[in-house]
Amino acid sequence: DVVLTQTPVSLLISLGGQASISCRSSQSLVHSNGNTYLHWYLQKPGQSPQLLIYQVSNRFSGIPDRFSGSGSGTDFTLKISRVEPEDLGVYYCLQRTHNPWTFGGGTKLELK
Amino acid sequence: QVQLQQSGAELVKPGSSVKISCKASGYTFTSYDMHWIKQQPGNGLEWIGWIYPGNGNTKYNQKFNGKATLTADKSSSTAYMQLSSLTSEDSAVYFCARSINYRDPFDYWGQGVMVTVSS
């Protein structure tokens, strides 16, 4: 199975600051069709995960442009600029290139 | 609006089975895959498997073969997951989530069901 390693495990950020989360894959996530099926989620306390970014860099409906995704191959990054209180929670990456689909271990974003 | 409404929390005995549900509304149930995901307390997320309600086709993470059985009822737009031979390792929150295509993200999720296995 593909292992997704997220770093850091936790992140202390001031309101208005910038956060950067890495997701590194044990295998290339480029599918034979040329697409890369790496997605990002935020799970707020007591809630189910919500989709932020799909296929590396596309924001889901209603997601503000403070969230951006980038990367290729095995290395991916989620950046959150101008952090707001509602951004706090655990961030996960998910790969759907190789079956079984797997999630990263999560990165907890907390306020400094 | 898209909603996935899951059934309530379950307290079940070791060795027994449990069936949890996920009722879909706000979209065409038979046009989207329905996935199930496990989250143990303090742990990350594990994909269990998916069902395509349009024809009942299923695919499982090999790890959950024999543990989880996915079904769907088109008449009520409800997906089900049965977990069998329960042990403490099955105590977790279980989410349903939909996706439009084979590799697309899970775009909407249910609120989750807490299953506790205890004697």
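Residue numbering restarts at 1 for every chain, and letters A, B, ... go by the order of the sequence lines. Every heavy atom of this structure was used, including side-chain atoms; hydrogens, water molecules and symmetry mates were not.
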Suppose we count any N or O donor within 3.5 Å of an acceptor, strictly below that value; which pairs fall between chain A and chain B?
unit_1	atom_1	unit_2	atom_2	d
A:His31	NE2	B:Arg103	NE	3.2
A:His31	NE2	B:Arg103	NH2	3.2
A:His39	NE2	B:Arg103	O	3.3
A:Tyr41	OH	B:Phe106	N	2.8
A:Tyr41	OH	B:Phe106	O	2.9
A:Gln43	OE1	B:Gln39	NE2	2.9
A:Gln43	NE2	B:Gln39	OE1	3.0
A:Ser48	OG	B:Gly110	O	3.2
A:Tyr92	OH	B:Gln39	NE2	3.3
A:Arg96	O	B:Arg103	NH1	3.1
A:Arg96	NH1	B:Ser99	OG	3.2
A:Arg96	NH1	B:Tyr102	O	3.2
A:Arg96	NH1	B:Asp104	O	2.4
A:Arg96	NH2	B:Tyr102	O	2.3
A:Thr97	O	B:Arg103	NH1	2.7

Single-linkage hydrophobic cluster, 4.5 Å side-chain cutoff, B:Val93 and B:Val12 together: yes
Are side-chain heavy atoms of B:Phe106 and A:Leu94 found at a separation under 4.5 Å? yes
Can you get from A:Val30 to A:Leu4 by hopping between Ile, Leu, Val, Met, Phe, Trp and Tyr side chains that sit under 4.5 Å apart? no
Check for me, please, whether A:Ile13 and A:Leu52 land in the same ILVMFWY cluster - side-chain distances under 4.5 Å, paths through other members count. yes
Same apolar cluster: A:Leu109 and A:Leu111, side chain cutoff 4.5 Å: yes
At a heavy-atom distance under 4.5 Å, which candidate from A:Pro49, A:Pro100, A:Gly104 has the highest pair count against chain B? A:Pro49
Going hydrophobic residue to hydrophobic residue with side-chain gaps under 4.5 angstrom, can you get from A:Leu29 over to A:Val3? no
